[in-house]
Number of protein chains: 2
Amino acid sequence: MGQGAGRREPTMREVAALAKVSTKTVSRVINGLPGAGTEVTDRVRAAARTLGYRPDLTASSLRRSDRRSATIGVLFEDLSNPFDSALLRAVEDRARHSGVLVLAGSSEDDRALQRELLVSLSARRVDGVVVMAAGGHQDALHQERERGTPMVLVDRPPTFGGTDCVTTTNRDSSRDAVLRLAALGHRDIGFLGDRRTLWTSQERYTGYLEGLAQAGLTLREELVRTDLHGDAPAEAAARTLLGLARPPTALFTAQNLVTVGAMRALRARGEHRRVALIGFDDFRLADLLEPGITVVRQDVPGIGRKAAELVLARIDGDTSPPVHAVVPATLVRRGSGEIPPPTG
Amino acid sequence: MGQGAGRREPTMREVAALAKVSTKTVSRVINGLPGAGTEVTDRVRAAARTLGYRPDLTASSLRRSDRRSATIGVLFEDLSNPFDSALLRAVEDRARHSGVLVLAGSSEDDRALQRELLVSLSARRVDGVVVMAAGGHQDALHQERERGTPMVLVDRPPTFGGTDCVTTTNRDSSRDAVLRLAALGHRDIGFLGDRRTLWTSQERYTGYLEGLAQAGLTLREELVRTDLHGDAPAEAAARTLLGLARPPTALFTAQNLVTVGAMRALRARGEHRRVALIGFDDFRLADLLEPGITVVRQDVPGIGRKAAELVLARIDGDTSPPVHAVVPATLVRRGSGEIPPPTG
DNA sequence: GGTGGTTACGTCAACGATGACGTAGGAGTG
DNA sequence: CACTCCTACGTCATCGTTGACGTAACCACC
């Protein structure tokens, strides 16, 4: 394989020949199973070292009774997204502790691609998968789950039953954010949200509504903009809101990039010190801006670790009822969320 | 395997039995090879669909002559780091185009861990690896390469020969950044760098020295701080420099987090509009800060794509001489790098 | 001193798939 | 009609490894 060199990896048979034992004995030594004498063990070890033998896990897992590949699949929306990559890292760390490696892919919130990647993962016989479900129907995931593949959904719950899931306190934390703004005296609180097909967007919007209701505020529909995918549309939407005859005095932005877009709009209008802003999802440097951006911070490592733990447990045969773990998010005050409404 | 359900995947043999043909014929149909009549083909396809048959790539690649697993390994320092995850994404995209999936791991710049992960990857018989070499000696990588594993190093070159590598214009871009500061009239330009064991740090430092020399400036060693790992140490170092009797009027920060640390220090002292700053590596929101941060931006997707292309070509048997590809970085002016020195 | 148990091996088949090769039947050719 | 060639299958061994099982040697004990 090496730059055309075509060197083959040594096999157990070759080790066995060199050590003058059977392959079965080599297998015993390599796997540390009983039934090999000390002298033979030494001979086999020496032969393996001499030849540079390394076991072939794929052949091994083909034959073994448990059929484990010691590999799990991770299917997130976009591995270059900070949220997704932090999640991946957390899953990876937990998995490595169990000797499990991670096959990772980005599904770009595209169902066809997600299905394709799922097929690729199953062709490699991964032991289980951790998935961020693409928007819309989840037939492919459901089918895969029905086949018996251990599966944990993260960030968004399944639309089918019998499957573990880890999410954050989307609704409650959004409600709390809105209540905090209301407590400062804000009565016109705008909402900027991501694609409505996303469960998280819906939950955060619901939380926004709950917050308004609980604070005794009435919803002004013209202050709500959703389906903002990326920071550019979010910026445009924010500009529109701020240009209204009776503009919002505070904004709740329900996603990472939407927050960034809103910040750009506020800055462009020179209103970033006058209009309050709370965003969902923390981001690096949020504290270095002026004012610092108040955010709802998800416990991303916690979510990833939990998801990995769940899938590993299922792989190990845990048959307890499906779990929907909710990892609490916290509000981080940095200034932008503490701006009071203009007096008068 | 599913939550203890223990359902087995159907095999070719079962499909063959249902379609009343031999397994070899099923193999032909599944792989689209000639030698199967239309009627038989239809019967096999129907049987496969009925049973929900999915080929086992691991068994297949065990038997096949080319032994390909259609999987490559990616070993970066920290998959949750924005640079690393953007790189991973670029590699993943290019690999997917060739039907190749990615087994990813973080080596945390730890040689022992990197070696361990390398062993795990080889146990799974990956076709090749893309590696960000951990600092210090590269014996493990060298050995793996000697065994014939196709390998491409990214970000940092190998200390051994015969191996492809993709890096950016560390030295030249650093020199240009320093020259730009000098052209504005800066004569006291500080350097803040990451761990000196890293090749990139050394290169960027060399570029700094070249820039000083070319601008006719003499090095003031007390303005150089290296081995800053993370933003906290960088912030402390920047504070020290700014507190000198004759402080720098401009800073060149040679890494992502070091730039962040320097910004914090400048802000804490209220000097972020007076002291010029150019950082190596772009980061999100650099444009939203005040002033915007001027940076040397690497073409991360370009680096990742190139690395993937190289390793895939080697896997396909390309035996041309090893390549050291250098992907150019560009200077992005946002304000902080255009601050002139105080007059007088 | 036979019986039973344990230890240290070996032999064989099988995991799921494919490469090498065999073969029956039909088409084409002289 | 005999011969060749091709197509469409099937048979068998094998990839690297391990589970099931066999067996020879040795020890202990009644």
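So that the names make sense, note that chain A is the first sequence line, chain B the second, and so on, each numbered from 1.
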Novice: Between B/Ala36 and A/Thr23, just flag the one whose closest nucleotide in DNA chain D comes earlier from the 5' side.
Specialist: B/Ala36

Novice: May I ask you to verify if any side-chain N or O of A/Arg13 is less than 4.0 angstrom from the OP1 or OP2 atom of D/dC15?
Specialist: yes

Novice: Would a distance-only check, ignoring hydrogens and angles, find a side-chain to backbone donor-acceptor pair under 3.5 Å from A/Thr41 to A/Gly37?
Specialist: yes

Novice: On DNA chain C, compare the nucleotides closest to B/Arg28 and B/Tyr53; which residue's is nearer the 5' end?
Specialist: B/Tyr53

Novice: Please figure out whether B/Gly37 or A/Ser60 has its closest DNA chain D nucleotide nearer the 5' end.
Specialist: B/Gly37

Novice: With respect to the phosphate group of C/dG16, does any side-chain polar atom (N or O) of A/Arg67 fall under 4.0 Å of OP1 or OP2?
Specialist: yes

Novice: Checking contacts here: which listed nucleotide (C/dT11, D/dT17, C/dG19) is nearest the side-chain heavy atoms of B/Ser65?
Specialist: C/dG19

Novice: Find the distance A/Arg54:CZ to D/dT17:C1' and express it as a whole number of Å.
Specialist: 17 Å

Novice: Consider the side chain of B/Arg63, meaning its heavy atoms from C-beta on, and name the nucleotide among D/dC9, D/dC15, C/dA14 that approaches it most closely.
Specialist: D/dC15

Novice: Has the side chain of A/Asp84 got a donor or acceptor atom that lies under 3.5 Å from a matching backbone atom of A/Asp78?
Specialist: yes

Novice: Give a yes/no answer on whether the side chain of A/Arg8 brings an N or O atom under 4.0 Å of OP1 or OP2 in D/dG16.
Specialist: yes

Novice: Quick one: is C/dT18 close enough that its OP1 or OP2 comes under 4.0 Å of any side-chain N or O from B/Arg64?
Specialist: yes

Novice: Can you measure B/Lys24 atom NZ to C/dT23 atom P for me and round it to whole angstrom units?
Specialist: 17 Å

Novice: Taking 4.0 Å as the cut-off, does a side-chain nitrogen or oxygen of B/Ser27 come that near to OP1 or OP2 on C/dT18?
Specialist: yes

Novice: May I ask you to test the A/Arg68-A/Val100 pair for a side-chain heavy-atom distance under 4.5 Å?
Specialist: no

Novice: Does C/dT11 have OP1 or OP2 under 4.0 Å away from a side-chain N or O of A/Ser22?
Specialist: no

Novice: Tell me if a side-chain donor or acceptor on B/Thr71 pairs with a main-chain N or O of B/Ser69 at a distance below 3.5 Å.
Specialist: yes

Novice: Check every atom of C/dA14, C/dT18, C/dG16 against the side chain of B/Asp56 and return the nucleotide holding the closest atom.
Specialist: C/dG16

